[in-house]
Amino acid sequence: MVYEPLALELVQSGRDITEPRLSPDGTRVAFVHRAGAASAISVVGIDPVVAERLVTFGTEPAPGRGLGGGCFDWLVTSSGLVYCGRDGELWEVEGHRVRRLTSHERTAQAPAVGPDFVVHVLDDAEVWLVERASGAARRLDDGRHAFCFDPTISPGADLADAAVSWVGWSPPAMPWDAAERVDARLVDGRVAAITTWRPAGASVQQTRFASDGTPTCVHDASGWMNVAVGDRPVGADAVEHALPTWGMGQRSYAVRPGGSVVVARNVAGFGALSVFDRDRARLDLDTGFVGSYGQVSTVGDRICALRSGPTTPPEVIVVDGDDAAPLVVASAGVLGWESVDLPVPQPVTVQGDGTMLHARRYPAATESRGLLCWVHGGPTDQWLVEFRPRLAYWCSRGWDVLVVDPRGSTGHGRAYQQALHGAWGRLDVDDTATLIEHAHAEGWATPATTVVIGGSSGGLTALGLLADRADLVAGGVVSYPVSDLRALVDSTHRFEAHYTDTLVGPAGAPETEERFVELSPIHRAERIRGPLLLFHGTDDPVVPIEQSERLVQRIREGGGDVEYVVYDGEGHGFRDRVHSRDEYERTERFLEAIR
C-alpha cells in the first residue's frame, strides 16, 4: 500500500445520517440527515425504486445523533410524517401540506403516531398526547418519574382504547441502572390506569408492543441487555442487544408478525445483524460486513437498518428476506472514501485485577510512530467498531490507536458496567494503565512513544493517568475534561446531574466528600507534569469551562507544562469547521514535538 496521509478536508466531509425507518406499508424509507448546521428528512422509494427526495420544508427537524434519534414517526397511512422541529414543537408534513401540531413552547421529542393522536415527550420529563384533529393536548404520566423516554402505542389503537408504554426512571439512578417499563391504559384518550414493571436488579429500555399486542423491551436481568418478548428472553445471548439510553430513539430490535426478532447485536464492540426465530435459533445476516448496526425497523420480511464500519461511512440498508444481500439506499460519506485503504481494528483482551479487560487496536497505515491510547467519553458508553474518520486520520499518519474499554464501559455485560460504581476516576485509570502496559509488552509502543487522549469523562481518565502513571506515557491530549467531580454535581446539565450519585456516592455524605477529593484530578494537578494539550469550549453545558480554567492554573502553579486552547461559542464537542481544523493541526504539532 502506498502511504498517503488523509486530507483533513476528507475527514471533515460528508453528512450525518440517523434514524432510517420503513414506512408502515414497507415501500419507502425515511431518514434524518444533517450537513453542517442544516438538517432535513428525506425519503427513498423501494417499491418502486425512487431516488432520495427531501420531505421536510419550513421548520427544520431536530436531528438525533448516531444510533439514537427520536426525531420523527410515520403517519399510519404512510402518506407523511410527524417530526420534532428545532423550535421544540411537533410538525406534521403530508404532501405539500405542513402544519404545527403543538404549542408547548418547550422541547418535544420522540413522537409516536396513532391513527388519530400522537404521544410524545416534553423536556425529557413528561409524556403528552395531542389529538391530531383538534390539537387538544393532555399529560399522560403521573409525575412519579423524573425522566420519561420513548413512548410507544399498541398496534391499531385509537383514542377510544389504547395502550401506551414508555421508559421512566428517577435519580439517583441513571437509566442503565434502574429504568422501568411504564404502561398506561387509555380510554377515550384519557388515562384509566398506570402500571410499572422491571426485573429485580435490572434496567429496562425500548419498551414496545409486538403486532399482536404482546409487550416487548430490552432488559439486563440475565446480566446482559437482551430483547424480551413478553416474559421470554430472546435466546440466552451473552452479548448486548442495545446501547445505553443516552438519548431517545434507539431502535436496536424489531419483532416481526411471525414472531421472529431482528436484533442489532453488540459483540464486545463489533456488531452483528441477527434474526432469532420463534425457537430462539439465531441466523446472522450480512456476515461479510465488519462494523455495527442500529435503527432497525421491519415490515413483513423486509428489514431496514443503519450500518457503519471502520472502512464504510454510515449507510441505510434494506434486506429483503433473511437470505438476501443488503441493498444500500443512502450513504453519509463522499465518494473519496472508496479509494482509501482504512484500518480494521483487532480485538484486545488482557487480565486485570481478576477481570478480563477489553480494547480494540487500529494498526498504523505505515511503520508505527507510536501509540495513541484513546479513552471514550461516557463513562458508561463505548466506541463501537464503526466509521471513525478521526481514528483513520491518525492511523494514516503512522499512529497505532488503542481504543480502551475500562470497566464502566457498556458492551461487556451489566457487571462490567456497574463495576465502576464508587470508583470513577480510579478504576478506569487503573484499567487503562493495564491496557497500556499490555501494549508495551506486545511491542506496539514504548512509554516515550505513547500518548493518552480523551474527552469529557475520557479526559478525566487521561488526566488521572498523567497524575498517577506518568511513567507509561509521554503526554496527553484532552478535550472538555471532567477534572472536578464535586463541581460537576452542581453545574452539569439535568440528564447527568446525578451521575456521581452512583459512580462516586451521594453528595453531602462525609465519606463521599472525601472520595470526591480523592478521585478528582484537579486535586492531584501538581502531579500532572505534562506535556498536556487541553481544549475546551466557552459554552459547554456538560462540563463548564471553569473546570479547565482552574485545572490549568493549578498545573502551571505546580510547574507543569500545559497548552490551553479555548474555542469561543463551542459546547461539549467542536462543530465549527475552523475550530475542528485548528484542533487537528495543534494536536499534530503537539505529537510531533513530544515523540
Side-chain angles (χ1 to χ4, degrees), residues 5 8 364 368-377 390-391 393-395 397-404 425 428-430 432-433 435-437 439-440 444-484 520-537 540 543 545-567 570 574 579-595:
L8 189 52
S368 178
R369 304 163 68 187
L371 178 75
L372 306 181
C373 174
W374 224 299
V375 190
H376 64 74
R390 179 176 291 270
L391 303 189
Y393 180 84
W394 295 112
C395 289
R397 279 158 170 71
W399 291 92
D400 279 350
V401 177
L402 186 70
V403 174
V404 296
D428 49 315
V429 172
D430 293 343
T432 300
L435 287 159
I436 292 176
E437 288 174 329
H440 293 167
W444 301 335
T446 67
T449 59
T450 300
V451 175
V452 63
I453 301 180
S456 193
S457 70
L460 179 145
T461 305
L463 291 171
L465 192 81
L466 290 169
D468 303 337
R469 294 301 309 272
D471 59 304
L472 294 178
V473 296
V477 180
V478 296
S479 303
Y480 35 88
V482 176
S483 60
D484 187 341
S520 296
I522 198 166
H523 297 295
R524 309 197 297 284
E526 73 284 354
R527 290 157 53 179
I528 300 176
R529 311 303 298 171
L532 171 66
L533 176 59
L534 193 157
F535 300 96
H536 216 124
D540 192 333
V543 183
I545 193 172
E546 289 76 17
Q547 287 214 17
S548 286
E549 291 173 344
R550 290 188 292 114
L551 175 71
V552 168
Q553 180 181 352
R554 293 190 184 187
I555 291 175
R556 288 174 174 168
E557 287 174 350
D561 176 12
V562 55
E563 177 184 352
Y564 180 40
V565 183
V566 175
Y567 293 130
E570 293 283 15
F574 309 138
H579 294 156
S580 175
R581 172 175 283 276
D582 183 72
E583 177 203 0
Y584 276 97
E585 291 174 346
R586 287 178 183 270
T587 301
E588 187 154 18
R589 291 195 296 269
F590 177 85
L591 295 176
E592 286 292 332
I594 68 173
R595 62 178 295 274

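Below, each value reflects all heavy atoms present in this structure, side chains not excepted, and no hydrogens, waters or symmetry copies. In this chain, residues are counted from 1 in sequence order.
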For His440 and Ala445 the tightest heavy-atom approach is CD2-O, 3.4 Å
Looking only at side chains, do Gln553 and Glu557 share a donor and an acceptor under 3.5 Å apart? yes
Please check this pair: side chain of His536 against backbone of Val543, looking for a donor-acceptor N/O pair closer than 3.5 Å. yes
Please identify each residue that fulfils side-chain hydrogen bond (donor to acceptor under 3.5 Å, both in side chains) with Arg586, with sequence neighbours left out. Glu563, Asp582
Side chain to side chain, Leu551 and Ile555, heavy atoms closer than 4.5 Å: yes
In short, Thr449 meets Trp399 closest at the heavy-atom pair O-CZ3, 3.9 Å
Hey, is the main chain of Gly558 close enough, under 3.5 Å, to the side chain of Arg529 for a donor-acceptor pair? yes
Is any side-chain heavy atom of Ser548 less than 4.5 Å from a side-chain heavy atom of Ser483? no
Check: Ile453 and Val451 side chains under 4.5 Å, non-hydrogen atoms: yes
Which salt bridge (Lys or Arg N to Asp or Glu O under 4.0 Å) pairs, counting each pair once, include a residue from residues 454-470, with sequence neighbours left out? Arg426-Asp468, Glu437-Arg469, Asp468-Arg524, Asp468-Arg527, Arg469-Asp471
Check: Glu583 and Tyr567 side chains under 4.5 Å, non-hydrogen atoms: yes
Using the six-membered ring wherever Trp is involved, compare the ring planes of Phe574 and Tyr480 and label them parallel, tilted or perpendicular (cut-offs 30° and 60°). perpendicular
Side chain to side chain contact (heavy atoms under 4.5 Å, CB included) filter on Val566, not counting sequence neighbours, yields Thr538, Ile545, Tyr564
Candidate pair Leu465 and Val375, rule side chain to side chain contact (heavy atoms under 4.5 Å, CB included), full reasoning: CA-CA 11 Å; Leu465 192 81; Val375 190; over 6 Å; no
With side chains defined as the heavy atoms from C-beta onward, is the minimum distance between Val404 and Thr461 less than 4.5 Å? no
Residue pair Trp444 / Ser368, side-chain heavy-atom distance below 4.5 Å: no
So does Val482 get a backbone contact from the side chain of Gln547, meaning a donor-acceptor N/O pair under 3.5 Å? no
Interatomic spacing from CD in Glu588 to OH in Tyr393 - rounded to 0.5 Å: 4.5 Å
Taken to the nearest 0.5 Å, the spacing of Ile528 CD1 from Leu534 CG works out to 9.5 Å
Test your reading of the model: is there a side-chain donor-acceptor pair from Arg556 to the backbone of Val562, 3.5 Å cut-off? yes
